[in-house]
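The chains referred to below are lettered A, B, ... by the order of the sequence lines, with proteins before strands, and numbering in each begins at 1.
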Amino acid sequence: MHLDPLNEVRRAFADNLSKVIKDLYSFDIKVTVSRVPNLNFGDLGSPVAFELAKILKKEPNEISNQLSASLDVSSIPYAHSSDAKGGFVNLKLNRKDFAKAVIDSTIKVGPDFGSSLIERSRVMVEHTSANPVHPLHVGSGRNAVIGDTFANILEKLGFEVSRHYLVNDSGRQASLLVYARSRLPDAKVEGKPDHWYGVLYAACNCIIELKKRRGKEAEEWKEALEELRKRAPDLVNKLEEEINKDENPEASVAELNKKYQEGKDEVVKAMFREVTEAVMEGFKQTLERLGIRHDAYDWESELIWGGWIDKALQRLKKSGYLEKEDGAYYVNLLKAAEEREDIRKVLGGNIEEIRTKMPPVYYLSRSDGTWLYTGTDVGYSLYKFEGLKEDKVYNVIGVDQKLAQLQLRAAMALMGIDPNKLVHFSYEFVDLPEVKMSGRRGRYVTIDELLDEAKKRVKDLLKERVGIEEKEVEEIAEKVAVGAIRYALINVIPSKKVIFTWDRVLNLQENSGPFIQYAYTRTRGILRKAGEVPEEFDASHLGEEIEIELIYKIAELPETIRNCYWLMRPDILAQYANDLAMLINKFYEKCPVIAAPKGVREARTALVKAASIALGNAMDILGIPRLDKM
RNA sequence: GGGCCCGUAGCUCAGUUUGGAUAGAGCGACGGCCUUCUAAGCCGUAGGUCGCGGGUUCAAGUCCCGCCGGGCCCGCCA
């Protein structure tokens, strides 16, 4: 069931205004309705008279007065009266009725409050998908949190959602790590496997890059290598020694990759699986802590062995734009764009622009016959739509892959799949203030260390709390840490960078996950003490300005969630939760609940219940854990 | 060089989608509030040429054009 009193009023107000305008001036105009900035002016307002003033060549005031007088207020639910101020047509609500409707409907639908029905189609969200060669860092964390939150939002809107992770186990990165492991087969994996392998991978990468580069570039890799050597001297020294025995490490890596993709050499297969599965196990542990689970892990190798990439290749061949050079396949996208309108459309407009700003071809494989990431990605996309029959797929991938995602969509069109079914959910990176994060250099802040540090800080705080038992500390600290980190990674618009500082991410004060958790926990405390929420209450007791603000904010949850979807902006929900928490805290200062006189107490208890539901539901979507004590 | 993204308080960010009523929070600074539902809180003070310059409009942080600064992409890497 979906209840949304605010939307009811808003729609009725806008429709009614449109109708009045049509009756009075006989034309159609789009009517916008928004919250009024000052409660004294009313509740909802429309600036439509300004636009009419221009057309009718009259004063906005005159028009707004006329509109307001002609409005049929009785046909708008919860409406009390209308008036005109400064050219705006304002609607005053019967706040008692509106409050009652909002609180009753929120309590009635409970966990479903905030839901709407947009569509029942099948939607996949592919997210995280970090290469299994180093631990998840805060950048991958942003991906995971955005993806998971967006998937939760889709579920609230009726979509049948599945969360997928593409395990990139067959590219050069994975091969490089397997190569490093093959040089040190007896080295003992110490600590969490993804962390240990992360050092091994970065060291191997640095050593190989160092051999290839000269001058300043070489210096830079050397520097990264020395940083790693400080962290794990024995491992790095031995690895360097072993790699130096290899005349051509680059060729060895390539050979491993080729053998693995062919899938016939069982020894090689076992080597890859040992390493990538160990790292993936580490990832799963980290993601589990953040409350993130995937419905499926799609292994790149299996897509290859299962024939999905070959199938995609056949499709592209049929389109007539697949070509080959030195044994490497590529799609001639420029030629396709020149000849096909739909391809031009995908690539963004006229052919001149495409010529100047796009690479003319799209390579799918190497000369040695191995697939590039682009090749497997084309096959994976085919699998998503024809294997899994998804109606729509959101790829949560960094902004750096914007062009690649565009080319992928063009390739989809050539395979005969509607490219609009594939959406690149793009997000900006997390930047460290000083150094640039780089998995290949072993420079990153991992989610694990972030969680642990956050937990430590929370535990310090909990020491000063009374009424928290020793055995509860661990669980509370973990949940607060998760709340802090998920909030910090979701509350910035995806198209903007997140600047990582420990103080910002581990902020426990206002505008943070813990601030939201704290406000929620207090609603739980009050409800515990107040006992049952009364069946009946008199909403006319809810007259304080902060109470009215709070009721409005609660009522805004359904439309907030819909906006998150339409705009692909999960951060809007984080903002909402913070705003709601702020109002709840202010309400506590101003309005005692338990100690309030009879009548007021019941009404406020019901309001707290509704606020608790709204905030709790928002937190569930954001993955910020609920707590009864903190 | 070309394309895309970003620029709002000392710092980190909302507000730009659909132009609308006094540009909002947090951190940091300063000053108050715990015999009263959890002080991870609340109240107050200070802090703004909304990068710069034009334009459109009754109205521009928001739309258009130009510029400046930062980032990303333009690989048989992913």
Side-chain angles (χ1 to χ4, degrees), chain A residues 30 32 34 36-38 41 45-48 50-51 53-54 59-60 85-88 90 129 131 168 171-173 325-330 348 353 356-359 361 363-368 370-377 397-404 426 428-429 431 439-440 458 461-462 464-468 480 484 488 491-493 495-499 501 503-504 507-512 514-519 521-530 563 566-567 569 571-572 574-575 578-579 581-582 585-586 588-596 604 608 629-630:
Chain A
K30 198 173 75 184
T32 56
S34 59
V36 163
N38 185 330
F41 296 170
S46 176
V48 71
F50 290 98
E51 204 157 334
K54 198 167 32 183
E59 285 298 306
K85 256 196 192 69
F88 288 84
N90 291 336
S129 299
N131 284 349
N168 226 294
R172 202 188 99 92
Q173 314 304 325
E325 186 187 16
D326 298 332
Y329 286 107
Y330 65 89
E353 273 175 25
T356 53
K357 70 187 187 194
M358 296 279 300
V361 298
Y363 271 94
L364 303 178
S365 65
R366 301 183 179 88
S367 298
D368 70 357
T370 56
W371 296 110
L372 292 163
Y373 167 75
T374 46
T376 54
D377 215 17
I397 299 178
V399 65
D400 57 327
Q401 292 209 44
K402 198 165 192 167
L403 177 60
S426 160
E428 262 287 359
F429 291 136
D431 275 8
R440 297 177 192 195
V458 175
L461 226 103
L462 283 171
E464 291 152 27
R465 276 275 193 283
V466 285
I468 304 240
V480 173
N491 88 327
V492 177
I493 301 179
S495 63
K496 287 199 196 188
K497 281 184 202 299
V498 167
I499 310 293
T501 61
D503 283 345
R504 188 188 92 82
N507 177 22
L508 307 176
Q509 287 162 297
E510 184 156 348
N511 194 13
S512 77
F515 174 78
I516 291 162
Q517 289 172 310
Y518 181 70
T521 299
R522 289 179 72 178
T523 64
R524 302 291 300 161
I526 291 177
L527 293 169
R528 222 173 15 240
K529 290 197 178 158
N563 282 341
W566 294 117
L567 304 172
R569 289 268 312 271
D571 58 287
I572 292 173
Q575 194 69 40
N578 188 59
D579 290 347
M582 203 189 304
N585 281 327
K586 287 190 208 292
Y588 293 145
E589 285 313 306
K590 181 97 189 180
C591 306
V593 179
I594 313 285
R604 286 186 179 162
V608 170
K629 268 194 209 175
M630 67 185 280

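Looking at heavy-atom distances under 4.0 Å, A:Leu364 makes no contact with the nucleic acid at all. Counting non-hydrogen atoms under 4.0 angstrom, A:Phe429 reaches nothing in the nucleic acid. Across all strands shown, A:Phe515 has heavy atoms under 4.0 Å from sugar-phosphate atoms exclusively, and none from any base.
Between A:Lys496 and B:A14 there is a side-chain polar atom (N or O) within less than 4.0 angstrom of OP1 or OP2. Applying the 4.0 Å criterion to OP1 and OP2 of B:C77, one finds that A:Arg366 has a side-chain N or O inside that range. Side-chain nitrogen and oxygen atoms of A:Arg569 include at least one within less than 4.0 Å of the OP1 or OP2 phosphate oxygen of B:G15. When the side-chain nitrogen and oxygen atoms of A:Lys402 are compared with OP1 and OP2 of B:C74, none of them lie within a distance under 4.0 Å. OP1 and OP2 of B:C42 both lie 4.0 Å or more from every side-chain N or O belonging to A:Arg522. Residue A:Tyr373 has no polar side-chain atom (N or O) positioned under 4.0 Å from OP1 or OP2 of B:G75.
Base pairing of B:G44: its partner is B:C30, meeting the Watson-Crick or G-U wobble criterion (both donor-acceptor distances under 3.5 Å). Pairing for B:C58 goes to B:G20, judged as Watson-Crick or G-U wobble with the two contacts each under 3.5 Å. Look at B:G1: its Watson-Crick or wobble partner, with both distances under 3.5 angstrom, is B:C74.
Atom P of nucleotide B:C5 and atom CG of A:Asp400 are separated by 16 Å, given to the nearest angstrom.
Formation of a donor-acceptor pair under 3.5 Å by the A:Asn563 side chain with backbone atoms of A:Trp566 is not found in this model.
Looking at A:Ser367, its side chain comes within 3.5 Å of the base of B:C76 through a donor and an acceptor atom. Remark: the A:Arg465 side chain and the B:U38 base include a donor-acceptor N/O pair separated by less than 3.5 Å.
Note that CD of A:Glu428 is 12.0 Å distant from CD1 of A:Ile493, once rounded to the nearest 0.5 Å.
Nearest nucleotide to the A:Ser495 side chain, out of B:U38, B:C5, B:C13: B:C5. The side chain of A:Leu462 sits closest to B:A40 out of B:C76, B:A40, B:U38. Residue A:Thr32 places its side chain closer to B:U18 than to any other of B:U18, B:G41, B:C76.
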- Task: Classify every nucleotide of nucleotides 20-33 of chain B by which part a protein heavy atom approaches to under 4.0 Å, writing B for the base, S for the sugar-phosphate alone and - for neither, in 5'-to-3' order.
- Result: BBB--SSS------

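Nucleotides B:A29 and B:C65 place their C1' atoms 42 Å apart, quoted to the nearest Å.
Side chain to side chain, A:Asp368 and A:Thr370 meet the donor-acceptor criterion of an N or O pair below 3.5 Å.
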